[in-house]
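Keep in mind it's a predicted model, so treat the numbers as computed, not measured. Reckoned from all heavy atoms, side chains included, excluding hydrogens, waters and symmetry mates.
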Amino acid sequence: MKKLITAILFFTICNVYSQNAFSTGEYFKFRIHYGFINAGYATLEVKDAVRENKKVFHVVGKGYTTGAAKLFFKVKDDYQSYFDKETGKPYQFIRKIDEGGYTKNQEGFFNQSSNTVTVNDYKNDTKKTFKVPENVQDIVSVFYYLRNHPEVDDLKVGGFIEVDMFFDEEVTKFKLKFLGREDIKTKFGTVSAMIFRPYVQAGRVFKEEESLTVWISDDGNKVPLRIKADLAVGSLKADLDEFKGLSHSFKVKSK
């Protein structure tokens with residue numbers, strides 16, 4: 001449950017960056033479920049903000065368990081990112097989580113000119129500065145950066161895109177592998193989708209590299225339609241349940 005909510009907030013590379021897949025006002029809500037059993041919800045919303053005298057995107061991602069799942073494993077996550085509208089580079093991130101009693105309360109500030117990020121850990125009352133590579137992303141901004149990546153539509157099956165990501169006080173390589181295309185049934189009808197599998201370095205975000213599959217709409221929006229995490233028995237899924245404020249029309253092949 002924890003890794004699926006993290007994955008949604010995760011999705012939800014230095015090349016020519018073209019900002020057109022999303023805009024201010026975009027909103028997604030996902031239903032997280034195990035079969036017919038509702039386990040929780042996650043949301044992603046794009047807002048406007050100002051950082052360093054520039055208008056930037058402010059994305060707020062929240063995840064939480066509901067019903068019986070809340071009794072067994074309570075999750076209440078708040079992930080936020082402020083990133084540049086033109087380059088996609090992050091200015092600031094917020095990570096405030098409670099996952100079954102595992103808590104973090106952190107805020108990070110990126111200095112893109114010196115390639116550093118300063119992390120304030122409010123739970124442990126610490127402040128640390130880390131050296132990071134140029135064009136590094138945070139766990140939320142990376143999803144929006146990849147949606148606008150110029151090579152996404154041209155990937156061949158088996159091809160992938162890599163990006164440096166700062167998470168949990170270290171830089172890790174994140175790779176998105178393209179598995180192919182298919183039509184999937186959604187709450188809104190049958191939608192053409194691109195299928196991806198995220199890979200990260202061992203021990204970060206996903207315990208098993210091939211346990212997660214992501215379906216993204218094969219259109220200008222690159223909307224996350226479904227995320228599936230394979231379990232020992234069955235699978236935990238997150239399906240798009242609600243959306244608004246898309247930059248392009250949402251193409252449904254049939255109801």
Does the pair Thr129 and Thr116 meet the rule for a side-chain hydrogen bond (donor to acceptor under 3.5 Å, both in side chains), with working shown? CA-CA 7 Å; Thr129 298; Thr116 58; over 6 Å; no
Show, in sequence, the C-alpha distance, side-chain angles and deciding distance for Tyr122 and Glu107, and conclude whether the side-chain hydrogen bond (donor to acceptor under 3.5 Å, both in side chains) test is met. CA-CA 8 Å; Tyr122 300 117; Glu107 190 171 23; 2.5 Å; yes
Would Arg51 pass as a cation-pi partner of Tyr82, given that its NZ or CZ must be under 6.0 Å from the six-membered ring centre and within 45 degrees of the axis? yes
Establish, yes or no, whether a centroid distance under 6.0 Å links the rings of Phe28 and Phe243. no
Quick one: do Val136 and Val119 end up in the same hydrophobic cluster if we chain Ile, Leu, Val, Met, Phe, Trp and Tyr together by side-chain heavy atoms under 4.5 Å apart? yes
Taking all non-hydrogen atoms of both residues, which atom of Asp138 and which atom of Gln92 are closest, and how far apart? OD2-O, 3.9 Å
Presence of salt bridge, Asp241 and Lys29, under 4.0 angstrom: no
Give me the atom names and distance for the closest heavy-atom approach of Ser217 to Phe250. CB-CE1, 4.5 Å
Rounded to the nearest 0.5 Å, what separation is found between the OG1 atom of Thr87 and the CG atom of Asn148? 11.5 Å
Is Val152 reachable from Val157 through a run of hydrophobic residues whose side-chain heavy atoms are each under 4.5 Å from the next? yes
Report the distance from atom CD1 of Ile184 to atom OG of Ser192, rounding to the nearest 0.5 Å. 9.5 Å
Centroid-to-centroid, Phe22 to Tyr144, below 6.0 Å? yes
Could you walk me through whether Leu146 and Leu176 pass the side chain to side chain contact (heavy atoms under 4.5 Å, CB included) test, one step at a time? CA-CA 9 Å; Leu146 287 170; Leu176 194 65; 4.1 Å; yes
Val191 vs Leu225, test: side chain to side chain contact (heavy atoms under 4.5 Å, CB included). Steps then yes/no. CA-CA 9 Å; Val191 179; Leu225 302 169; 3.8 Å; yes
Take Ile32 and Tyr41 through the test side chain to side chain contact (heavy atoms under 4.5 Å, CB included) and record every step on the way to the result. CA-CA 5 Å; Ile32 303 168; Tyr41 291 91; 5.8 Å; no
Nearest heavy-atom contact between Ala69 and Ala39 is CB-O, 3.4 Å
Taking the side chain as every heavy atom from C-beta outward, state whether Phe30 and Pro224 have any atom pair closer than 4.5 Å. yes
Check whether Lys237 reaches the backbone of Arg31 with its side chain - one donor and one acceptor, N or O, closer than 3.5 Å. no
Does atom NZ (Lys89) have a neighbourhood of more than 12 heavy atoms from anything else shown, all under 6.0 Å? yes
Does the side chain of Met194 come within less than 4.5 Å of Phe178's, by heavy atoms? yes
Less than 4.5 Å apart, side chain to side chain, heavy atoms only: is that true for Ile195 and Thr213? yes
Passes salt bridge (charged side-chain N to carboxylate O under 4.0 Å, His left out), Lys76 versus Asp98? Steps please. CA-CA 5 Å; Lys76 187 178 181 181; Asp98 185 344; over 6 Å; no
What's the spacing between Ser141 OG and Met165 CE if we round to 0.5 Å? 9.5 Å
Carboxylate-amine/guanidinium proximity below 4.0 Å for Arg181 and Asp218: yes
Does Lys177 qualify as a cation-pi partner of Phe160, given the criterion of NZ or CZ under 6.0 Å from the six-membered ring centre and within 45 degrees of its axis? no
Checking Asn221 side chain against His248 main chain: does a donor-acceptor pair fall under 3.5 Å? yes
Sub-4.5 Å side-chain heavy-atom contact between Ile161 and Leu155: yes
Would you check if the side chain of Asp164 reaches a backbone N or O of Glu134 as a donor-acceptor pair within less than 3.5 Å? no
Compare all side-chain heavy atoms of Phe109 with those of Phe93 and state whether any distance is below 4.5 angstrom. no
Using side-chain heavy atoms (C-beta onward) and a distance below 4.5 Å, is Pro133 in contact with Asn115? no
With heavy-atom distances below 4.5 Å as the criterion, would you say the side chains of Ile216 and Phe196 are in contact? yes
Determine the minimum heavy-atom distance between Leu212 and Arg197, stating which atoms define it. O-NE, 3.2 Å
Are there more than 12 heavy atoms of other residues, nucleotides or ligands under 6.0 Å from atom CZ of Phe188? yes
Can you name the one residue among Lys222, Arg147, Lys244 that meets salt bridge (charged side-chain N to carboxylate O under 4.0 Å, His left out) with Glu26? Arg147
Begin from the C-alpha positions of Lys96 and Lys104 and carry the test side chain to side chain contact (heavy atoms under 4.5 Å, CB included) through to its verdict. CA-CA 5 Å; Lys96 189 174 183 180; Lys104 278 186 177 292; over 6 Å; no
Is the centre of the Phe110 ring less than 6.0 Å from the centre of the Phe83 ring? no
Using a cut-off of 6.0 Å, state whether more than 12 heavy atoms not belonging to Lys74 lie near its atom NZ. no
If you count heavy atoms of other groups shown closer than 6.0 angstrom to NZ of Lys123, is the number above 12? yes
Report the residues that fulfil salt bridge (charged side-chain N to carboxylate O under 4.0 Å, His left out) with Lys54, sequence neighbours left out, ordered by chain and then residue number. Asp84
Evaluate whether atom NZ of Lys253 has more than 12 neighbouring non-hydrogen atoms of other residues, nucleotides or ligands under 6.0 angstrom away. no
Rounded to the nearest 0.5 Å, the OH atom of Tyr64 sits from the CD atom of Glu99 at a distance of 15.5 Å
Shortest non-hydrogen contact between Phe167 and Arg95, atoms and distance: CZ-NH2, 3.4 Å
Linking I/L/V/M/F/W/Y whenever their side-chain heavy atoms sit closer than 4.5 Å, directly or via other members, would Val163 and Val214 fall into one cluster? yes
Step by step, would you call Asp219 with Lys251 a salt bridge (charged side-chain N to carboxylate O under 4.0 Å, His left out)? CA-CA 7 Å; Asp219 59 14; Lys251 298 179 180 178; over 6 Å; no
I'd like to know whether Asp48 forms a side-chain hydrogen bond (donor to acceptor under 3.5 Å, both in side chains) with Thr24, so could you lay out the CA-CA distance, the side-chain angles of the two residues, the decisive distance to 0.1 Å, and finally the verdict. CA-CA 6 Å; Asp48 273 334; Thr24 302; 2.8 Å; yes
Nearest 0.5 Å, what's the OH-CD1 distance between Tyr79 and Ile94? 13.0 Å
Side chains of Asp121 and Glu169: closer than 4.5 Å at any heavy-atom pair? yes
Strictly below 4.0 Å, N to O, side chains only: are Lys62 and Asp78 in salt-bridge contact? yes
Say you draw a straight line from NZ of Lys175 to OG1 of Thr172; how long is it, rounded to the nearest 0.5 Å? 12.0 Å
Any chance CG of Asn124 has more than 12 other-residue heavy atoms, nucleotides or ligands included, within less than 6.0 Å? yes
Check for a donor-acceptor pair, side chain of Thr65 on one end and backbone N or O of Val75 on the other, with a separation under 3.5 Å. yes
Nearest heavy-atom neighbours spanning Tyr145 and Gly88: CD1-CA, 4.0 Å
